[in-house]
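For reference, the structure discussed in these notes is given below.
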Amino acid sequence: MATLDPLRIGISACLLGEAVRYDGGHKRDAYLVDILGPLVDWVPTCPEMDLGLGTPREPIRLVRRDVGPNGLRLQASNTTVDLTRRMYNYARRQVKVLARSNLDGYILKEGSPSCGMARVRIWNNAGRPVGNGRGMFAEALMSALPDLPIEDEARLQNPRRREHFIDRMLAYQQLRKLFLEYWTVGGLAAFHAAHELMLMAYSPSAYRALGRLVASGASCGRRTLAKQYESAFMTAVSKMASCRRHAIVLTRIAGHFESQLSGNKRLELTSLIDEYRRGLVPRTAPLSLICYHVKQLKVTYLSGQAYLNRSPAAVQMCWRQL
Ligand code: SF4
């Protein structure tokens, strides 16, 4: 199996315990800091501190007006000082820096008018809530880097979403590495073959469509091919697959070697896959057992499959909860 580098993850700085919030505090997330922290490389950013607002500072909020991107303004809650243009210009510059930072994913702070990726409260001029939207920095980040896996810490409370986020980051890391160096169509075909099982879990139709794209070679130009493949691949894995779909793939994997297992071991594996399908254990449980058998039995085809290749961070992120 290919060696995986530690995941490099951008993050809202307050989630790491940095005292950068408007009230001088932080929003340290114990799970991210204590469980994931030792296994990944963080790239923290606090847009409001980078704007020079300091701490403590007046809280800010999104206000719906009839001008600005989507009619939204970012303004100080009490003095109504308008920070829209400053944040807009900063975010555009900062996402260019982040685009060059080799990130594999990004974790944003839920609900923040700067960092929130969804469900951020929007107010009207009279100070009444009028809906939900996306923080201004998050909007710039998600528009500029549409393929980058992004989540917020609240959504990551869900263990299945964590598994999904890890799948996306690992795939993105491998894609990024492939296209960063000199690559050939043959190398891309090998990447596609190594991700067969992952794509079959997320979208069998996308697996076939991407295969046709690779088979067409670089007739559209290498840069276009790389862009199209990356975009279509990350779109294919962007929607969480059901446990049932993953269980089908796990059963198919087991079919490659289960005839070599004793009755008890076969039963142990099929039971674990079934427990996963019923939501009783994380996917890491049957995956870990499968990886063990694949290694013991030296199943060559499977040992090259990215679906089975889990970094330590991936395993921890899926298993451990505080
Ligand atoms: S949510 Fe974003 S802007 Fe607000 S304190 Fe955290 S990192 Fe800074």
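Counting starts at 1 for both ligands and their atoms, in listed order. Hydrogens, waters and symmetry mates are skipped; everything else that's a heavy atom, side chains included, is used.
Protein atoms that are N, O or S and lie under 2.8 Å from atom 2 (Fe) of ligand 1 are these: C115 SG.
Here the side chain of S219 pairs a donor or acceptor atom with the backbone of S216 at under 3.5 angstrom.
For R162 and Y31, the positive end sits near the middle of the six-membered ring, less than 6.0 Å away and at most 45° from its axis. Relative to the ring axis of Y182, R222 places its NZ or CZ within 45° and under 6.0 Å from the centre.
With a 4.5 Å cut-off on side-chain heavy atoms, E18 and P44 count as touching. Here the side chains of H164 and Y202 are in contact, with some heavy-atom distance below 4.5 Å.
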Solution key, residues 194-201 side-chain donor-acceptor pairs under 3.5 Å, sequence neighbours excluded:
| residue | atom | partner | partner atom | Å |
| --- | --- | --- | --- | --- |
| H195 | ND1 | F191 | O | 2.9 |
| E196 | OE1 | Y301 | OH | 2.8 |
| E196 | OE2 | R252 | NH2 | 2.9 |

